[in-house]
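Here is the structure we will look at, set down as structure tokens.
Labels below follow one simple rule: chain letters A, B, ... track the order of the sequence lines, proteins then strands, and each chain is numbered from 1.
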Amino acid sequence: MNYWLMKSEPDVYSIDDLARDKTELWDGVRNYQARNFLKSMAVGDIAFFYHSNTKPPGIAGLMTIHQAGVVDHTQFEEGNKYYDPKSTPDAPRWYTVVVAYERKFEHYISLDQLKATFSPEELQVVKRGNRLSVMPVDTETAKRLLTLTES
DNA sequence: GCCAACGTTGGC
DNA sequence: GCCAACGTTGGC
């Protein structure tokens with residue numbers, strides 16, 4: 001079982017939206033490194049839901065990977081924001097997952113708090129200039145993160 | 001295959 | 001709104 005961190009802008013899709021929807025296709029990732037991480041996710045993995053481009057940015061809650069290795073259908077839809085004319089149904093370029101709501105943290109963990117607790121090596125998201133929207137979190141770091149939510 | 005121009009992300 | 005970081009595109 002692996003841990004991950006996945007970013008979303010709460011104005012677009014937030015932890016509260018996921019709490020309402022219960023499950024959601026994590027579509028629209030169009031970065032190869034992020035896609036490769038999505039591809040290596042397995043059902044039952046745990047992902048931290050990170051709110052980006054908001055004040056303050058930070059981790060809002062937890063989700064689980066509900067379905068793995070899902071083709072992102074938006075790549076085939078002409079006119080869709082995420083349409084990729086170079087991708088075909090025979091050889092899809094973009095894969096993703098379906099996530100399921102787990103819980104919203106009682107105490108939101110702000111980026112400032114993350115920076116105070118973790119080095120950029122321990123938690124990539126605290127690294128300045130990091131634009132990757134999906135990234136792995138090692139087990140030790142994930143456990144420390146979870147204890148932060150209890151205080 | 002290099003690299004300048006361009007576009008996007010996302011913190012501040 | 002600014003801009004640093006950095007991935008992508010396209011001319012050559």
Side-chain angles (χ1 to χ4, degrees), chain A residues 2-21 23-41 45-65 68-99 101-138 140-142 144-149 151:
Chain A
N2 290 303
Y3 291 93
W4 308 91
L5 182 147
M6 298 164 78
K7 296 180 185 172
S8 178
E9 301 189 16
D11 287 351
V12 178
Y13 198 81
S14 73
I15 188 88
D16 294 322
D17 293 321
L18 185 58
R20 178 198 62 214
D21 298 340
T23 63
E24 180 74 2
L25 180 76
W26 202 266
D27 62 7
V29 173
R30 294 293 179 270
N31 169 286
Y32 288 102
Q33 203 183 347
R35 182 208 59 184
N36 292 343
F37 287 135
L38 286 167
K39 264 187 161 176
S40 58
M41 289 179 181
D45 282 1
I46 293 174
F48 293 92
F49 194 132
Y50 182 89
H51 281 182
S52 64
N53 230 330
T54 189
K55 283 184 180 176
I59 298 175
L62 283 185
M63 45 195 173
T64 52
I65 305 309
V70 181
V71 173
D72 182 347
H73 61 82
T74 60
Q75 68 195 299
F76 308 126
E77 296 166 6
E78 215 171 328
N80 189 294
K81 185 184 173 188
Y82 301 118
Y83 176 60
D84 182 351
K86 291 174 184 167
S87 187
T88 65
D90 285 345
R93 181 177 289 195
W94 304 108
Y95 284 83
T96 188
V97 295
V98 173
V99 295
Y101 177 74
E102 186 67 28
R103 65 187 168 96
K104 181 178 176 176
F105 292 154
E106 197 174 336
H107 303 288
Y108 183 82
I109 313 173
S110 70
L111 180 59
D112 281 347
Q113 198 181 348
L114 293 173
K115 283 179 174 171
T117 313
F118 298 101
S119 69
E121 290 72 33
E122 290 168 326
L123 188 66
Q124 290 182 57
V125 79
V126 305
K127 195 174 174 183
R128 179 181 155 77
N130 189 316
R131 293 162 47 203
L132 197 59
S133 66
V134 178
M135 63 191 79
V137 177
D138 72 65
E140 211 47 47
T141 300
R144 285 173 62 201
L145 256 172
L146 290 171
T147 65
L148 278 185
T149 70
S151 52

* Asked: Under 4.0 angstrom, heavy atoms only, what part of the nucleic acid is K7(A) near: base, sugar-phosphate, or nothing?
  -> sugar-phosphate
* Can you measure from CD1 (I59(A)) to NZ (K7(A)) and round to the nearest 0.5 angstrom? => 11.0 Å
* Hey, which of these two, N130(A) or R30(A), hits DNA chain C nearer its 5' end, going by closest nucleotide? -> N130(A)
* Asked: chain A on DNA chain B: first and last contacting nucleotide, 5' to 3', under 4.0 Å to a heavy atom?
  -> dG7(B) to dC12(B)
* D112(A): what forms a salt bridge (Lys or Arg N to Asp or Glu O under 4.0 Å) with it, not counting sequence neighbours? -> none
* Hey, does K115(A) reach any base, or is it just sugar-phosphate, or nothing, if we go heavy atoms under 4.0 Å? -> sugar-phosphate
* **Value rounded to 0.5 Å, distance of CD1 in I65(A) from CD1 in I46(A)** => 9.5 Å
* Structure fact -> Residue set satisfying ring pair (Phe, Tyr, Trp, His ring centres under 6.0 Å) with Y50(A), at least two apart, ordered chain then number -> none
* **Flag side-chain contact, heavy atom, 4.5 Å: N2(A) against M41(A)** => no
* Asked: Taking atom types as modelled, is there a side-chain donor on Q75(A) or S87(A) under 3.5 Å from an acceptor on the other?
  -> yes
* Asked: 5'-most contact on DNA chain C: K127(A) or N53(A), nearest heavy atom basis?
  -> N53(A)
